[in-house]
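Order of listing sets the numbers, starting from 1, for every ligand and every atom in it. Computed over heavy atoms, backbone and side chain alike; hydrogens, waters and symmetry mates excluded.
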Amino acid sequence: EPPLIQGWIPYLGKALDFRLDSQAFLKNNQEKYGDVFTVYIAGWYLKWFNSNQFCNSSSIAADQVHHLSNSTQYVLLLSPGKYMTFIMNPLMYPSIMKYGRQLDFHEFADQVAPATFGYPAVGSGRFPEMGDQIQRSFRLLQGENLVLLAECMMANLNLVLRQDFLGGEGERGAGVVGMGWSTGDLYDFCNSVMFEATFLTLYGMPAPARRHSDMATLRHHFTKFDDMFPLLVGRIPIWLLGRTKAVRETLIRYFLPQRMMCWSNTSQFIARRAEVLEQYDTLSDTDKAAHHFAILWASVGNTVPATFWALYYLINQQEALQAVRNELHQVLKLPEAQGPQQPEVIVSKEQLDQLLLMDSAVNESLRLSSASMNIRVAQEDFSLRLDEERSAPVRKGDVIALYPQTMHMDPEIFTDPETYKYDRFIEGGREKTDFFKHGQRLKYYRMPFGSGSSMCPGRFFAINEIKQFLCLLLLYLDLEMAQGQEKAQLDNSRAGLGILLPTKDVRFCYRIR
Ligand code: HEM
């Protein structure tokens, strides 16, 4: 049996340590207990009292009571918990991946996603075969479809960037820059461009116009919802989270079938999902819209912070930025400067694939900023073989967790793991793929997109779009950090859930090249 650590209560006690510094929490336990340890996570629920009932309940201590309003009080009670086994040694990851049948991801996702995004659980029995159809739709984010998505994304990035920031002829005429330097907030900049370009690429445009007029409002609501995302995933009931429910309803309404029907150039991926959802009379229009909203979150919730870090590290290290720009000029066979007065630059999917240095730089920023936890739920009792010598008993319902951030920051695998090295994943002009732990070559050494059966289906599209964004910026603009900016720090409040956001935005300067 792996060592057992008692008393981990989400959002209380040990879980607070985890949220504050998940890396340190897990590393400390690894030092104490070794590569595999189990944490007992107490379950919890809330029990409500109005004032009268509460007075009659003598078994509850005063400090357990929390107040929601003058007349309503609640007590947090513990329920039978779960055992969560952390596998900390990346050499063991391949063994875990082999247990695809016994260790399932979708059971966990089907508990968390419906409560977070507001649709009925897919695996509830009311929607036969829906899960499989949805899984099949993920293929439309890959292969041949990826080329179409890349073309469309390129056009949309050019559209949004040129109209809003480069003084192009636009419906809004905003953000016009002259020949001098302009300043802006880097996260906000990445967010406004990537959010809209991704949205247009996946969901399409309003038929008569190329851009949706209410994108800034949608993004504003999305950010409000996203702030509460870690709490929703942590099972805090939505009605305890202020206006979050109303905000989520507004976001969901955006995707009602009668609205989406009016959009054109919708990607095959979203169109197919809409077809699948239409097959189920048991889904209301609002349920269908909630499914589409969930995909909006999946497609921008991680991509926007990932884009921020990719650009942030490059701007901070001008040598890296110049090297990546040189590679771009070589691949595109373009002259030194390519200001936006020139015709739009189109970087093909084939050319994107040749940008190995840029690839390395993006992957390096993902290594530094990603903190996703891979969770699997055991479907039966079995013995989990970890390596040639060790195995651990697993019982039905136990949770197995991988936390790749500790691997990403392991100095034995990545020298100076805290340091950004844009060319870390390149060697002798090719992608570097050999990284070692205890002298053994690692099969998995970079896992921002999860692993095995639950690996992110949008990963190729995501890397492409981040690279496309960087291509246009590096070609059109000179970029620098504004004077006196502090180093951007990772905000740990969504540790375990994907790409971390910066604690605060940073100012940057840009001018047309
Ligand atoms: C840098 C950007 C992105 C990162 C870091 C990322 C990361 C992840 C991770 C860690 C998971 C869960 C995997 C697991 O638990 O094992 C996931 C799932 C998912 N991602 Fe992404 N993702 C990104 C972009 C995208 C994009 C652009 C799309 C869609 C266009 C997308 C669609 C999805 C979907 C649909 C799932 C759920 C898959 C399932 O239910 O099986 N992601 N992503």
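- For atom 41 (O) of ligand 1, the closest non-hydrogen atom on the protein side is His106 NE2, 3.1 Å.
- Ligand 1 is never approached by Thr198 to a heavy-atom distance shorter than 4.0 Å.
- Using cut-offs of 30° and 60° on the angle between ring planes, the pair Phe293 and Phe117 is perpendicular.
- Close approach of ligand 1 to Gly450 is summarised as follows: ligand atoms under 4.0 Å from at least one heavy atom of the residue are 10 (C), 16 (O).
- Tyr119 and His291 have parallel rings, their planes meeting at less than 30° on a 0 to 90° scale where 60° marks the start of perpendicular.
- Between Trp263 and His212, the ring planes are perpendicular. Angles over 60° get that label, and only those under 30° would be called parallel.
- Residues Gln279 and Glu129 have side chains that never bring a donor and an acceptor to within less than 3.5 angstrom of each other.
- A donor and an acceptor atom, one from each side chain of Arg272 and Ser267, are nowhere located under 3.5 Å apart.
- Under a 4.0 Å criterion applied to the non-hydrogen atoms of Phe461, ligand 1 contributes the atoms 27 (C), 30 (C).
- Under the 4.0 angstrom criterion for non-hydrogen atoms, Arg459 is not in contact with ligand 1.
- Relative orientation of the Phe382 and Tyr99 rings is tilted, given thresholds of 30° and 60° on the angle between their planes.
- A parallel orientation is assigned to the rings of Phe508 and Tyr510, their planes being inclined by less than 30° (bins at 30° and 60°).
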Stepwise ring pair (Phe, Tyr, Trp, His ring centres under 6.0 Å) check, Trp297 with Phe225: CA-CA 10 Å; Trp297 190 89; Phe225 173 84; 8.0 Å; no
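- Residue nearest to atom 4 (C) of ligand 1, selected from Phe449, Trp297, Trp309: Phe449 (by heavy-atom distance).
- Ranking protein heavy atoms by distance to atom 24 (C) of ligand 1, first place goes to Thr303 OG1, 3.6 Å.
- Taking a cut-off of under 4.0 Å to the non-hydrogen atoms of Ser454, the atoms of ligand 1 that pass are 12 (C), 13 (C), 14 (C), 15 (O), 16 (O).
- Residue contacts with ligand 1 include Pro448, since one of its heavy atoms falls under 4.0 Å from the ligand.
- Regarding atom 29 (C) of ligand 1, its nearest protein heavy-atom neighbour is Ser299 CB, 3.7 Å.
- Considering Gly496, Gly458, Ala306, Ser370 only, the shortest heavy-atom separation from atom 28 (C) of ligand 1 involves Gly458.
- Salt bridge status for Arg136 with Asp132: absent, with no side-chain N to carboxylate O gap under 4.0 Å.
- Between Arg385 and Asp387, no side-chain nitrogen of the basic residue sits less than 4.0 Å from a carboxylate oxygen of the acidic one, so the salt-bridge criterion is not met.
- Using a 3.5 Å distance cut-off with no hydrogens or angles, the side chains of Thr217 and Asp214 do not pair a donor with an acceptor.
- The protein heavy atom nearest to atom 25 (C) of ligand 1 is Ala298 O, 3.3 Å.
- The protein atom (non-hydrogen) at minimum distance from atom 22 (N) of ligand 1 is Cys456 SG, 3.1 Å.
- Within the 4.0 Å heavy-atom shell around ligand 1 one finds Gln135.
- Against a heavy-atom cut-off of under 4.0 Å, Glu465 is close to the following atoms of ligand 1: 27 (C).
- Under 4.0 Å is where a charged nitrogen must lie from a carboxylate oxygen, and between Glu380 and Arg101 at least one such pair does.
- Ligand 1 has at least one atom lying under 4.0 Å from a heavy atom of Ser451.
- In this structure, Pro457 is part of the shell of residues with a heavy atom less than 4.0 angstrom from ligand 1.
- Taking a cut-off of under 4.0 Å to the non-hydrogen atoms of Ile499, the atoms of ligand 1 that pass are 5 (C).
- For Tyr403 and Phe86, the distance between ring centers is not under 6.0 angstrom.
- Heavy-atom distances between Phe138 and ligand 1 reach below 4.0 Å in at least one pair.
- For atom 15 (O) of ligand 1, the closest heavy atom belonging to the protein is Phe105 CE1, 3.3 Å.
- Listed by number with element, the atoms of ligand 1 under 4.0 angstrom from any heavy atom of Ile295 are 35 (C).
- Atom numbering of ligand 1 starts at 1 in the shown order; those under 4.0 Å from a heavy atom of Ser372 are 10 (C).
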